[in-house]
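Inspection log for the structure reproduced underneath, given as C-alpha cells.
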Amino acid sequence: MTTNTPSDTNVGDSTSGAGTSQSLDFIRTVVTDDLKTGKYEGRVHTRFPPEPNGYLHIGHAKAICLNFGVARQFDGLCNLRFDDTNPTKEEMEYVESIKDNVRWLGFDWEDRCYFASDYFEQLYAYAVQLIEKGKAYVCDLSPDEIGEYRGNLTEPGRDSPHRNRSVEENLELFERMRNGDFQEGERTLRAKIDMASPNIHMRDPVIYRIQHATHHRTGDTWCIYPMYDFTHCISDSIERITHSLCTLEFEVHRPLYDWFLDELELYHPQQIEFARLNLTYTVMSKRMLAELVREKVVDGWDDPRMPTISGLRRRGYTPAAIRNFCDRVGITKYNSTTEVALLEHSVRDNLNKCAPRVMGILHPLRLVIENCPEDFVDELDAVNNPEDPSAGTRKVPFSRVLYIDEKDFNEDPPRKFHRLAPGREVRLRYGYFITCTDVVKDDDGNVTELRCTYDPETRGGSAPDGRKVKGTIHWVSAEHAVDAQVRLYDRLFNVPDPTDVDEGGTFKDHINPDSLDILEGCKVERSLGEAKHGITYQFEREGYFCLDSKESRPDRPVFNRTVALRDSWAKIEKTQQQQHKPKRGDSPK
RNA sequence: UACCCCAUGGUGUAAUGGCAGCACAUCAGGUUUUGGUCCUGACGGUCCAGGUUCGAGUCCUGGUGGGGUAGCCA
C-alpha cells in the first residue's frame, strides 16, 4: 500500500529546489547573478538561524524551505544554526523540537548544526579587537539612561559620558565584565558609531550585556552575552555564508551588519530581507503562541489547532503539503497575508494523491437490512486509492446490520438531496443498492434506526438491469466496526486578523470557542483497527484523518481530522436555506 | 514627526522597456460507484498625477496608502 509516511517526502512535490521553474523570486535572482559574476567563487551557502525559545511555526517553514531550497537548487549548502545568545529564554527542549521539525520537513543540514554559543570565545576576541581599534567602549549608563541618551525617532541621541574612555580602560573594564565583577545591567559594551544617526540602530548599539544566568549549553562559563546584531553577522562570516536571508524587520539592521564586518575586516556575506508569512485566522508570533500554550488555551505547542510545524504534523499534514504551500506562497518584500484556504488546498492536493481511502462513520445511524440473513457476511473488494492503482484493494465486510451517517438520511429530503430517504434507493459504496423501507423512531420522534432491503443482484455497486441511483453513501458493518473517537478542528480564531484588536483588547478576544469538537462513539471500518501512526487516511466523503500521536491507544483509537473534503452539497444546502428564508425589510431600492 | 521598505484581480504571485499570465477563492457547466478528484468556462487587476520613450506594471519626479524601526530580545 502506498502511504504518506514521513520518509515518503517526495510524494506530490512540486518545483521546490528542482530549478526548473521559469521565473525566479528576487532572492534567487540575486543568487543567480552572484553565481554569474563569481562573487563568492561560485559558492552558495545559506543558513536557517532559529532562536531556541519556542516551537517552529509555518512561517519558519517558509524560511526553512527558502534557505534549504536555495541551497539545494544551486548546489550549495545550508547550515542549521541556533541563535542562542539569550540564556534566559532558551531551552534544550526547543533545540530538539527544531531539529526534529526541520528533518521532518525533509531537509538535511548534514554535519553542519552549529550554535552561536560555540563562537562565544571568538566573539569576545572580536569585541576586544573593536575596543583596541577605538570602535567600542564600556558604558556605565543604566538601561533607562541608555534609552534617554538614544533620543527617539525624530530627535538625535547624545553621546554617552563614557564614550571617550581610553582603550586601556575599556579593555580592563570589559575583562572585568567577563570576570563577573559587575552586577547585571551595571555596564555594557557598546559600539562607537554615531549617536546622531537617523538609523537608531547605529546610535552606539549595545553589543555585550551582563547576564548572570546559566546558559543551556555553556552553563556558567559566561556572565556576559553578545547581542544579536554583533553575533549574527560574525557567525555568518565564520560559517562562510554567502546569502544571509532574514525577515523584513531586520532591514534597518543591515547597516549595522555591514558595519561590524567592515570594521573587523571580515569575510562579508550579504544580508537579504524577505517578507514573513502571515496567515488568516491564526497568529504567527512566537510570543502569542507561547501565551496560548502557557494559559492552556490549547493543549500544547503541538496542539493540532496550532500553526506550529508540530501541530500541523499532529493534525495530519504531510511535509510535502507544507513544502508545496511554501512554494505557492512565494518570496517577496511585500507584507502580505495568505488565505488559509491556500494551505488547505495544498494539503488536500497532496493527500488526494497519497492518502489510503477508508470508510468511517462520524455520526452513526443504525441500519438493518431486513432481507439479509443474520449470519450473512460478504467480504467486498474496496479500492484503496482511485488516484493510485498500485495501492490495490482491500476486503470490507458487509452484513445485516450497518451504520451510515445521520447526515446521509433525510426523512423529508430537500431538493437535490441525492442520499437516502424513505422509499429511496442508494448505493452503498463498493456494496449493494439498498432501499429504505421503514423509519424507526424513539418517543421523542428522533430517528433511531432505518429498515432497508438490499438487492443481491447489485453486488459491487452496479445493477445488471442498468438502473441508476443518484447517491452513493459510505457505511460500516456494525459487527465488524471499530469504535473510535474523532476530533474535528476548526480555525482557532474567528476573525481573519486576530491581532487587529480594539483599544484595551487582546488577540485572545477573538478565539473561536468551537475550534475543537470531540465526537465519541464513531464507527470506523475494520481495517482501521490496524491504522498506523504517521499515515493520513481519507475517510471517503468526509475528509482526511490520522491517528492522534498522543492520545490514541490501540484499544481506543483517536482520529484527528486534518481537513474536510471540499463539500459542494454543503454549499447547495446553504444557498437553498438562504432562498427559503423570508426576505426581511424588502426595502425599495 | 525621522529613517528604511513596499504597492499588479477578493487573496497569493508572474511579466527584468514589447500580447498583463498562473494559482487559490468565487460562480456556471461536464465526467464520476467519494456531492471528492479530474476537465471546461466565467468573473475579476497594474494606487494617483506628471515625465522619459515608437512603446511604461516595469525607468524618473512628486503625491497617496500600507509596513518596519526608539530591548541590556531575536
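Side chains are part of it too, since the values below use all heavy atoms of this structure and drop only hydrogens, waters and symmetry mates. Labels below follow one simple rule: chain letters A, B, ... track the order of the sequence lines, proteins then strands, and each chain is numbered from 1.
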Candidate nucleotides A25(B), G35(B), U13(B), ranked by approach to the side chain of His345(A) - the nearest: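 That would be A25(B).
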Per His201(A) side chain, nearest of listed nucleotides U69(B), A2(B), G35(B)
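Nearest nucleotide to the side chain: U69(B).
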query: Can His418(A) be called stacked on G35(B) when the rule is centres closer than 5.5 Å and an angle between planes below 30°?
result: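 Yes, aromatic ring over the base.
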ring centroid sep under 5.5 Å plus plane angle under 30, Trp569(A) with G35(B):
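Taking the rule of under 5.5 Å and under 30°, the ring of Trp569(A) does stack on G35(B).
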| query | Do Phe539(A) and Phe545(A) pass the ring-ring contact (aromatic ring centres under 6.0 Å, His included) test, and can you show the C-alpha distance, the side-chain angles, and the key distance before you say yes or no? | reply | CA-CA 7 Å; Phe539(A) 286 14; Phe545(A) 298 80; 4.1 Å; yes
Worksheet item: Do Phe325(A) and Leu342(A) come within less than 4.5 Å of each other through their side chains, counting heavy atoms only?
Response: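 They are in contact (side-chain heavy atoms under 4.5 Å apart), so the answer is yes.
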Original post:
With a 4.5 Å heavy-atom cut-off, do Ile234(A) and Tyr257(A) have their side chains touching?
Top reply: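 No, side chains not in contact.
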Can you see whether Phe115(A) has Arg217(A) sitting over its ring - NZ or CZ less than 6.0 Å from the centre and within 45° of the normal?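 The answer is yes; both the distance and angle limits are met.
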Using a 4.0 Å heavy-atom cut-off across all strands, classify [X] as base, sugar-phosphate, or nothing.
{"X": "Leu428(A)", "answer": "nothing"}
{"X": "Lys286(A)", "answer": "nothing"}
{"X": "Leu141(A)", "answer": "base"}
{"X": "Thr88(A)", "answer": "nothing"}

Checking side-chain polar atoms at under 3.5 Å, does Thr435(A) have a donor or acceptor matched by the opposite partner on Arg424(A)?
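Result is no, nothing qualifies.
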**Q.** Pair Ser197(A), Asn199(A): side-chain N/O donor-acceptor within cut-off below 3.5 Å
**A.**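 There is no such pair between these side chains.
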Given the side-chain rings of Tyr454(A) and Phe398(A), with only the six-membered ring counted for Trp, is the space between their centroids under 6.0 Å?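 For Tyr454(A) and Phe398(A), the ring centres are under 6.0 Å apart.
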Worksheet entry | Smallest separation among heavy atoms of Phe120(A) and Asp84(A), with atom names |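 Smallest interatomic distance, heavy atoms only, reads CZ-O, 3.8 Å.
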- prompt: Within the structure, does a side-chain N or O atom of Arg427(A) lie under 4.0 Å from either OP1 or OP2 of U32(B)?
  reply: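 Arg427(A) to U32(B) OP1/OP2: no side-chain N or O under 4.0 Å.
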Notebook entry, point to check: For Ser568(A) and G36(B), is the shortest distance between a side-chain N/O and OP1 or OP2 below 4.0 Å?
Noted result: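 Result: yes.
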Exercise. With RNA chain B as reference, determine whether Arg348(A) or Asp229(A) sits nearer its 5' end, using the nearest nucleotide of each.
Key: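 Final value for this comparison: Arg348(A).
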Note to self: Quick check on RNA chain B: between His253(A) and Lys333(A), whose nearest nucleotide comes earlier from the 5' end?
What the structure shows: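 In this pair, the answer is Lys333(A).
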Which atom pairs link the protein and nucleotides 15-20 of chain B when you take only N or O atoms and keep those under 3.5 Å?
residue : atom : partner  : partner atom : Å
U16(B)  : O4   : Thr29(A) : OG1          : 3.3

**Request:** Check whether the side chain of Arg357(A) and the base of U34(B) form a donor-acceptor pair under 3.5 Å.
**Result:**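 Pair found.
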Could you list the protein-to-nucleotides 38-46 of chain B atom pairs, N/O on both sides, closer than 3.5 Å?
none

Pairs under 3.5 Å (Watson-Crick or G-U), crossing ones as [ ], inter-strand ones as |: RNA chain B comes out as .((((((..((((....[..)))).(((((.......)))))....(((((..]....))))))))))).....
- Going by a 90° cut-off around 0, is G21(B) syn or anti?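 G21(B): anti glycosidic orientation.
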